[in-house]
2 protein chains.
Amino acid sequence: MLGAMTEEPTTRDRLIQTATRLFRQRGYEGAGLSEILAEAGVPKGSLYHHFPDGKADLACAAADWTASEIIRVIDDSFRAAPDWRHGVTTFCYKMAKLFDILNSADACPIFGLLFDGPDQDRFRAQAEQSFDRIIATAARYGETLGLSPAAAHDAAETFIIGFQGSWTLARTRRKSDVLRGLPKRLYGPA
Amino acid sequence: MLGAMTEEPTTRDRLIQTATRLFRQRGYEGAGLSEILAEAGVPKGSLYHHFPDGKADLACAAADWTASEIIRVIDDSFRAAPDWRHGVTTFCYKMAKLFDILNSADACPIFGLLFDGPDQDRFRAQAEQSFDRIIATAARYGETLGLSPAAAHDAAETFIIGFQGSWTLARTRRKSDVLRGLPKRLYGPA
DNA sequence: GCACGTCTAGACCAATCGGTCTAGTCTTTT
DNA sequence: AAAAGACTAGACCGATTGGTCTAGACGTGC
């Protein structure tokens with residue numbers, strides 16, 4: 001077996017994905033271990049086999065997995081984009097669609113990387129690394145589209161900051177338009 | 001006794017303020033009731049006298065109190081501002097100072113209004129109302145400073161959205177510059 | 001001076017928390 | 001076929017959770 005070449009979800013992956021969803025819905029402390037295990041259909045023993053440090057380990061794995069998913073969406077949005085604004089717009093629309101699928105109730109997948117649990121510094125460091133990966137990915141597309149390295153990094157930060165806040169507002173209002181309106185907010189009328 | 005005319009903090013107020021801080025630091029589920037009570041120096045009985053529905057009631061009161069505090073800072077920032085950008089800048093600097101005082105570890109006071117606990121809809125509705133109060137306050141200053149009602153509301157939303165995201169990024173990096181850099185990000189070089 | 005509403009005080013409770021541990025079941029290697 | 005890991009399975013644990021309930025302290029109107 002050479003790792004993740006097969007397609008059916010392994011126990012470990014099912015655990016991570018279920019945990020990701022529940023952490024996003026209820027927060028780190030709000031999502032009970034037994035609830036996660038029950039929904040994933042995995043016994044306690046397996047959890048502590050794959051994640052020796054238990055819940056905290058699982059949360060970090062969930063954050064990492066989430067960051068990779070976000071990066072995948074960024075890739076999908078910018079790969080064929082003719083310019084920066086188009087990439088941002090596509091991303092926002094994709095995420096607005098996700099927002100609607102998620103019942104409009106979940107925390108922002110990106111923000112959700114920052115857990116509020118104990119072990120503050122471990123979670124903070126994990127979130128910082130994930131954020132940087134996300135911003136760096138967006139910045140790379142900025143450079144590809146003609147921006148200077150500094151300008152690209154700045155544009156990527158502004159983009160992610162704006163997205164963050166937009167998701168929060170969208171969540172309190174249960175309306176995804178806020179997300180779709182972000183490009184206009186950031187860059188003016190098209 | 002005619003309500004809140006005296007100055008020394010009542011049991012109820014001590015409870016709200018302690019709860020606000022702990023919710024901000026550890027989230028709704030993360031902040032234990034006994035911890036809140038111990039730090040506030042208040043017994044269980046008093047809590048359930050003032051807040052019959054317990055933790056959920058307390059959380060809503062905390063959200064409300066926080067919104068009022070934010071509005072106070074908005075007032076202080078915009079009252080004497082010569083234009084919109086100055087108001088936003090002053091607000092960002094005041095909040096950056098607060099961020100540093102808070103050890104750079106707490107959740108955004110505004111975002112923190114949105115609790116991740118159970119009773120989702122009650123908390124969501126409470127947060128929506130508080131957000132609207134905050135945005136409406138900022139928008140009013142926008143109008144005073146010459147913007148049309150629609151433009152003022154839009155500017156206020158953009159401002160709060162940007163602030164939200166900036167605090168999050170500042171928190172993961174433990175650096176308050178992100179907050180101070182928001183006006184330039186939103187409105188270009190001064 | 002006693003009765004009544006407000007508020008404080010904390011013992012107590014069932015339920016749940018995250019985590020440990022032993023037992024058993026596969027799969028792979030020899 | 002025997003031995004050895006990898007992994008699953010869940011009973012069990014002490015600690016803590018939010019919440020209830022009774023008892024008393026304090027002030028105020030009669």
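First the proteins, then the strands, lettered A, B, ... as listed; each starts at 1.
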In the structure I gave you, are the side-chain heavy atoms of A:Ser176 and A:Arg180 within less than 4.5 Å of one another anywhere?
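SC-SC contact between A:Ser176 and A:Arg180 confirmed.
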May I ask you to test the A:Val88-A:Phe163 pair for a side-chain heavy-atom distance under 4.5 Å?
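Sidechains of A:Phe163 and A:Val88: no contact.
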Length of the [atom1]-[atom2] vector between [X] and [N], whole Å:
X	N	atom1	atom2	answer
A:Lys55	C:dG19	NZ	P	8 Å
B:Ile36	D:dT16	CD1	P	16 Å
A:Leu33	C:dA15	CG	P	20 Å
B:Glu29	D:dG19	CD	C1'	15 Å
A:Leu22	C:dC17	CG	P	12 Å
A:Leu15	D:dC7	CG	P	13 Å
A:Arg26	C:dT16	CZ	C1'	14 Å

Is it true that B:Lys175 and B:Asp177 make a salt bridge, defined as a side-chain N closer than 4.0 Å to a carboxylate O?
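Salt bridge flag = yes for B:Asp177 with B:Lys175.
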Taking B:Leu102 as the starting point, is it possible to reach B:Leu179 by hopping between hydrophobic residues whose side chains are less than 4.5 Å apart?
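Result: yes, single cluster for both.
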Output the residues of residues 42-54 of chain B in contact with DNA chain C, where contact means a heavy atom of the residue under 4.0 Å from an atom of the strand; sort by number or write none.
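Output list: B:Pro43, B:Lys44, B:Gly45, B:Ser46, B:His49, B:His50.
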Please determine whether ring-ring contact (aromatic ring centres under 6.0 Å, His included) holds for the pair B:Trp84 and B:Tyr141, giving the CA-CA distance in whole Å, both sets of side-chain angles, and the decisive distance to 0.1 Å.
CA-CA 8 Å; B:Trp84 175 258; B:Tyr141 282 105; 8.8 Å; no
Under 4.0 Å from OP1 or OP2 of D:dC7: is there any side-chain N or O of A:Thr11 that close?
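Negative; the distance criterion is not met.
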Under 4.0 Å, heavy atoms only, any strand: does B:Ala31 hit a base, just the sugar-phosphate, or nothing?
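Sugar-phosphate, no base atom in range.
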Quick one: list whatever passes ring-ring contact (aromatic ring centres under 6.0 Å, His included) with A:Phe131, sequence neighbours left out.
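Here no residue qualifies.
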